Protein chains: 2
Amino acid sequence: MTVAEDELTLVFSALADPTRRAILERLALGEATVNQLAEPFAMTQQAISKHLKVLERARLISRTRTAQSRPCVLDAERLDAVAGWIERHRRIWADRHDRLGQHLAALGATRHDDEGEVAP
Amino acid sequence: MTVAEDELTLVFSALADPTRRAILERLALGEATVNQLAEPFAMTQQAISKHLKVLERARLISRTRTAQSRPCVLDAERLDAVAGWIERHRRIWADRHDRLGQHLAALGATRHDDEGEVAP
DNA sequence: GGGTTGTGCAACCAATGGGTTGTGATTCCC
DNA sequence: GGGAATCACAACCCATTGGTTGCACAACCC
């Protein structure tokens, strides 16, 4: 289910770059070769190659060897994993937020000791 | 709605570190001071301070000045923004995947030219 | 006022990241 | 076989990051 810690790190840092996100957006339209991907960017093909290697290592894309070109395709499941993490924490935080709201409401109502805050 | 490009970069790179994710998990239990946050980690308080500054810059947490301590609290909306991005792309990719599936099915059925792939 | 506590700032350092150029390996085209 | 195209690898550069130590500052305790 939920990805391992270091995989999360891989995916998040892969997503933490505008160029790589743009590449992913581009790949959402369909598979593409390295040169096709490099074309819209003001940088060398080698730089794009590096970015692709990062995305591949995060398993956000996979590549098939077709003759002399190596088209890239998205690996959607990977994004699911991250979405899982996000969603989990979103819920936790939301709950926390609700509890805080209730807490504040309770405060406004009557007593106000027994915070029940952190306590590690 | 959807966050700006560079904000995405900020949030994703903030999340791309196990220590910072652990801090967030810890904060999901309730607000905490810098020293409380630093305690479970094998690093100095200053290092944690730096991590907090990164999280704050990504607006994943916010800090209130209470006397001499500066407790940290989560900022849930931020995670919503990222969740939005992820979810958007998850859908796009899923669609893409379906179309590919249909495509392959169609291939198995009858003809098989007219790929309708990329075309930039 | 003086010591302790909680925190931030600055300087430094090693490692990583994002980019470049240069080059080499395949595969296609003729 | 020879040239052009597609791509990856290696070496390098510079800026950023993640960590350290050392200090300064502000607020509490006495």
Side-chain angles (χ1 to χ4, degrees), chain A residues 5-27 30-73 117-120, chain B residues 5-24 26-27 30-58 60-73 117-120:
Chain A
E5 260 302 297
D6 48 329
E7 300 194 50
L8 266 183
T9 300
L10 280 182
V11 177
F12 277 132
S13 35
L15 291 177
D17 182 286
T19 304
R20 283 193 292 263
R21 285 197 303 276
I23 290 180
L24 291 180
E25 309 241 13
R26 169 65 183 75
L27 283 178
E31 72 175 39
T33 70
V34 175
N35 281 336
Q36 284 173 332
L37 290 174
E39 191 265 338
F41 299 102
M43 60 181 94
T44 62
Q45 160 262 318
Q46 289 91 326
I48 299 293
S49 247
K50 281 196 183 184
H51 282 302
L52 291 177
K53 213 158 56 176
V54 174
L55 291 171
E56 199 176 9
R57 187 143 170 274
R59 313 224 324 247
L60 282 164
I61 68 173
S62 61
R63 324 186 56 178
T64 62
R65 167 162 282 309
T66 299
Q68 84 282 21
S69 74
R70 309 208 38 201
C72 307
V73 290
E117 264 305 339
V118 212
Chain B
E5 260 303 297
D6 47 330
E7 302 196 48
L8 267 184
T9 300
L10 280 182
V11 177
F12 277 133
S13 33
L15 291 178
D17 182 288
T19 304
R20 285 194 290 264
R21 286 196 304 275
I23 290 180
L24 291 179
R26 169 65 183 74
L27 283 178
E31 72 175 39
T33 70
V34 176
N35 281 335
Q36 284 174 333
L37 289 173
E39 190 266 338
F41 298 103
M43 61 180 93
T44 63
Q45 160 262 318
Q46 289 91 328
I48 299 294
S49 246
K50 281 197 182 180
H51 282 302
L52 291 178
K53 216 158 55 177
V54 174
L55 291 172
E56 200 176 7
R57 186 142 171 272
L60 283 165
I61 68 173
S62 61
R63 326 187 54 178
T64 63
R65 168 162 281 307
T66 299
Q68 84 282 22
S69 74
R70 309 206 41 201
C72 307
V73 290
E117 267 302 340
V118 211

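By convention in this document, chain letters (A, B, ...) are assigned in the order of the sequence lines, proteins followed by strands, and residues within each chain are numbered from 1. Source: prediction; values computed, not measured.
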(request) Looking at every strand, decide which applies to B/T33 at a 4.0 Å heavy-atom threshold: base, sugar-phosphate, or nothing. (result) sugar-phosphate

(message) Counting only Watson-Crick pairs (N1-N3 plus N6-O4 or O6-N4) and G-U wobbles (N1-O2, O6-N3), all under 3.5 Å, who is the partner of D/dC30?
(response) C/dG1

(message) Only pairs with both distances under 3.5 Å count, Watson-Crick or wobble alike; so what is the partner of C/dA11 in this structure?
(response) D/dT20

Hey, does the side chain of [X] come within less than 4.0 Å of [N]'s phosphate (OP1/OP2), counting only N and O?
| X | N | result |
| --- | --- | --- |
| A/H51 | C/dG17 | no |
| A/S49 | D/dA8 | yes |
| B/T44 | D/dT20 | yes |
| B/N35 | C/dT7 | yes |

(request) For the side chain of A/K53, starting at C-beta, report the closest nucleotide among D/dC9, C/dT7, D/dT20. (result) D/dC9

(request) With the side chain of B/V34 defined as its heavy atoms from C-beta on, choose the nearest nucleotide among C/dG19, C/dG8, D/dG19. (result) C/dG8

(message) By nearest heavy atom, map A/K50 and A/R63 onto DNA chain D; which one lands nearer the 5' end?
(response) A/R63

Find the distance [X]:[atom1] to [N]:[atom2] and express it as a whole number of Å.
| X | N | atom1 | atom2 | answer |
| --- | --- | --- | --- | --- |
| B/E39 | C/dT5 | CD | P | 16 Å |
| B/M43 | D/dT17 | CE | P | 16 Å |
| A/I48 | C/dT21 | CD1 | C1' | 16 Å |
| A/R57 | D/dC9 | CZ | C1' | 17 Å |

(request) Provide the closest heavy-atom pair for A/A14 versus A/A58 in the form atom of the first, atom of the second, distance. (result) CB-CB, 3.8 Å

(message) I'd like to know if A/Q46 reaches the base of C/dG22 with its side chain such that a donor and an acceptor end up less than 3.5 angstrom apart.
(response) yes

(request) Decide yes or no, distance alone: a donor-acceptor N/O pair under 3.5 angstrom between the base of C/dG8 and the side-chain of B/Q45. (result) yes

Is the backbone N or O of [Y] less than 3.5 Å from a side-chain atom of [X], with the two atoms forming a donor-acceptor pair by type?
| X | Y | value |
| --- | --- | --- |
| A/R21 | A/L15 | yes |
| A/Q36 | A/T33 | yes |
| A/R57 | A/L52 | no |

(message) Let's go through B/H51 and B/M43 carefully: what are the C-alpha distance in whole Å and the side-chain angles of both, what is the deciding distance for side-chain contact (heavy atoms from CB on, under 4.5 Å) to 0.1 Å, and is it a yes or a no?
(response) CA-CA 11 Å; B/H51 282 302; B/M43 61 180 93; 4.3 Å; yes

